[in-house]
Amino acid sequence: MISAVYFGTHHFSAHILESLIKSGIFDIKLVITQPDRPVGRKKEIQASPVKAIAQKYNLKIEQPETLKGYALSESADFNITCQYGLIIPKAILETAKHASINVHTSLLPKYRGASPIQSALINGEKETGITIMMMDEKMDHGDILRQERVNIDSNDTYAELNEKLLAIAPQLLIQTVSDYVEGKITPQIQNHDEATFCKEFTREDGKIDWNKTGEQIYNLYRGLTPWPGIWAEYDGKRLKLLEIKPTSVHVEQGKITPQQDKLLAGCGQNTAIEIIKIQLEGKNSMNAKEFINGFKNIL
RNA sequence: CGCGGGGUAGAGCAACCAGGCAGCUCGUCGGGCCCAUAACCCGAAGGUUCUCGGUUCAAAUCCGAGCCCCGCAA
């Protein structure tokens with residue numbers, strides 16, 4: 001058995017954790033995840049997905065507000081991290097007997113940071129991948145152990161790309177750790193000159209700039225859907241575009257135009273998108289036809 | 001008590017502010033037109049206006065309480 005302390009918070013990470021457990025070759029001695037946070041309109045306290053998995057398998061859990069100056073109650077052969085969301089100090093990285101290893105959802109050194117999947121989509125990348133790497137004190141900066149590529153289909157959204165990465169990541173991680181233990185891997189230094197960075201997105205990042213082309217806006221949609229989503233100002237209210245696709249029809253820029261049963265919106269350089277599902281602030285989501293029926297007077 | 005929008009026919013909305021026959025775009029059903037149609041024409045059905053109470057000759061509309069949905073914020 002390989003012992004490990006696991007650091008993680010979000011869904012992708014929870015899936016990785018469960019895969020490690022199910023592999024039967026890891027002894028997860030401790031799970032570190034972010035504190036329970038208030039979520040939703042009612043501010044209900046909610047546990048992270050990783051915590052939910054840890055509880056399911058009765059693992060030991062700790063949820064420090066910060067790891068700065070924090071001392072782990074357990075140490076292990078490996079520290080394994082994935083989408084933890086907080087900085088892990090060098091002092092803690094060094095508690096691992098073998099190594100501290102991170103699972104990152106891009107082909108490092110590209111897309112270091114908090115939103116590699118979203119950013120790859122927004123930038124219209126044709127491929128991305130999983131990187132298994134050594135951790136050091138700088139974010140996503142350590143030596144690379146293994147990488148595996150996946151193609152990005154032109155219509156992939158965050159959900160699909162996330163699934164593709166999830167389909168290969170657990171096995172790659174498990175195999176890499178096993179090979180590392182057996183001394184089969186030579187860590188490769190990243191080419192730091194080629195590093196690019198991406199930050200965490202907020203709802204503000206989803207505001208549509210109609211000067212951008214239909215393709216650019218579609219890419220933004222692909223990266224930011226379902227969260228935080230893309231939206232436009234309309235009639236003084238927030239109008240979420242829940243589902244869109246590119247179209248070759250030309251309509252007036254920045255204006256939402258009904259055409260038959262379809263809703264079109266003009267973008268930069270004489271391009272356009274078709275809006276399939278939409279939601280106005282205060283309203284439930286509706287499809288284009290419903291929106292046209294109800295709001296044609298003010299379109 | 002964090003801020004804000006909303007609940008009206010199967011769907012999406014209007015009418016509410018300023019009380020007086022509940023309407024529009026669709027959908028459904030029937031008929032017509034057509035080589036044909038999701039197009040066009042004619043007609044019909046379909047409502048406890050979220051719930052409870054109050055004011056009034058009269059409440060979708062005004063007042064009070066409650067339930068539910070949603071946008072922001074966190």
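Keep in mind that the numbers below use all heavy atoms, side chains included, and drop hydrogens, waters and symmetry copies. Naming: A, B, ... by sequence-line order, numbering from 1 per chain. As the structure is a computational prediction, the values presented were derived from the model and not from experiment.
- Screening residues 162-179 of chain A for side chain to side chain donor-acceptor pair (under 3.5 Å), with sequence neighbours left out, gives A:R146-A:D179, A:D156-A:K164, A:Q175-A:D179.
- In this structure, A:Q279 atom CD and B:C13 atom P are separated by 11 Å, rounded to whole Å.
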Distance-only check: which donor-acceptor pairs under 3.5 Å involve side-chain atoms of residues 14-26 of chain A, not counting sequence neighbours?
residue	atom	partner	partner atom	Å
A:E18	OE2	A:K56	NZ	2.9
A:E18	OE2	A:Y57	OH	2.6
A:S19	OG	A:H15	O	3.0
A:S23	OG	A:L20	O	2.6
A:S23	OG	A:I25	N	3.4

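- Listed for the A:S100 side chain is a donor-acceptor partner under 3.5 Å among the backbone atoms of A:L93.
- The C1' atoms of B:A59 and B:G20 are separated by 10 Å, rounded to the nearest whole Å.
- A salt bridge does not link A:K245 with A:E215: every distance from a Lys NZ or Arg NE/NH1/NH2 to an Asp or Glu carboxylate oxygen is 4.0 Å or more.
- Within the model, atoms CD of A:E74 and CD of A:E62 stand 8.0 Å from one another, a figure rounded to the nearest 0.5 Å.
- Applying the side chain to side chain contact (heavy atoms under 4.5 Å, CB included) criterion to A:T202, with sequence neighbours excluded, gives A:E204, A:D205.
- Atom CD in A:E281 sits about 10 Å away from atom P in B:G71, given to the nearest Å.
- For the OP1/OP2 pair of B:A73 and a distance below 4.0 Å, the side-chain nitrogens and oxygens of A:R203 include at least one atom meeting the criterion.
- Residues satisfying the side chain to side chain contact (heavy atoms under 4.5 Å, CB included) criterion with A:L108, sequence neighbours excluded, are A:H104, A:S106, A:R112, A:T131, A:M133, A:D140, A:I144, A:Q147, A:Q190.
- B:C70 atom P lies 23 Å from atom OH of A:Y234, rounded to whole Å.
- Rounding to whole angstrom units, CD of residue A:E233 and P of B:G71 are separated by 16 Å.
- Rounded to an integer number of Å, the gap from A:Q260 CD to B:U37 C1' is 14 Å.
- Heavy-atom distances to RNA chain B give each of A:K240 and A:K237 a nearest nucleotide, and the one nearer the 5′ end belongs to A:K237.
- Taking the salt bridge (Lys or Arg N to Asp or Glu O under 4.0 Å) definition, one finds that A:K283 meets it with nothing, sequence neighbours left out.
- Here B:C72 presents its C1' atom at 15 Å from CG of A:L239, a figure rounded to the nearest Å.
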So which protein nitrogen or oxygen atoms get under 3.5 Å of nucleotides 66-69 of chain B's nitrogens or oxygens?
residue	atom	partner	partner atom	Å
B:C69	O2'	A:N284	OD1	2.7
B:C69	O2'	A:N284	ND2	3.4

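- If you take CG of A:D261 and P of B:U25, they are 15 Å apart, rounded to a whole angstrom.
- For B:A9, there is no paired base (Watson-Crick or G-U wobble, both distances below 3.5 Å).
- Phosphate proximity of B:A74 to A:R37: absent, as no side-chain N or O sits under 4.0 Å from OP1 or OP2.
- In this entry B:C21 has no Watson-Crick or G-U wobble partner, no candidate having both defining distances under 3.5 Å.
- Where A:W231 and A:K289 meet RNA chain B, the nucleotide closest to each residue was compared, and A:K289 sits on the side nearer the 5' end.
- Here the P atom of nucleotide B:C70 and the NZ atom of A:K277 are 14 Å apart, to the nearest Å.
- Nucleotides B:A15 and B:G31 are separated by 32 Å at their C1' atoms, to the nearest Å.
- A 3.5 Å limit on both hydrogen-bonding distances identifies B:G43 as the Watson-Crick or G-U partner of B:C29.
- As the counterpart of B:C3, B:G71 is assigned, both hydrogen-bonding distances of the Watson-Crick or G-U wobble pattern falling under 3.5 Å.
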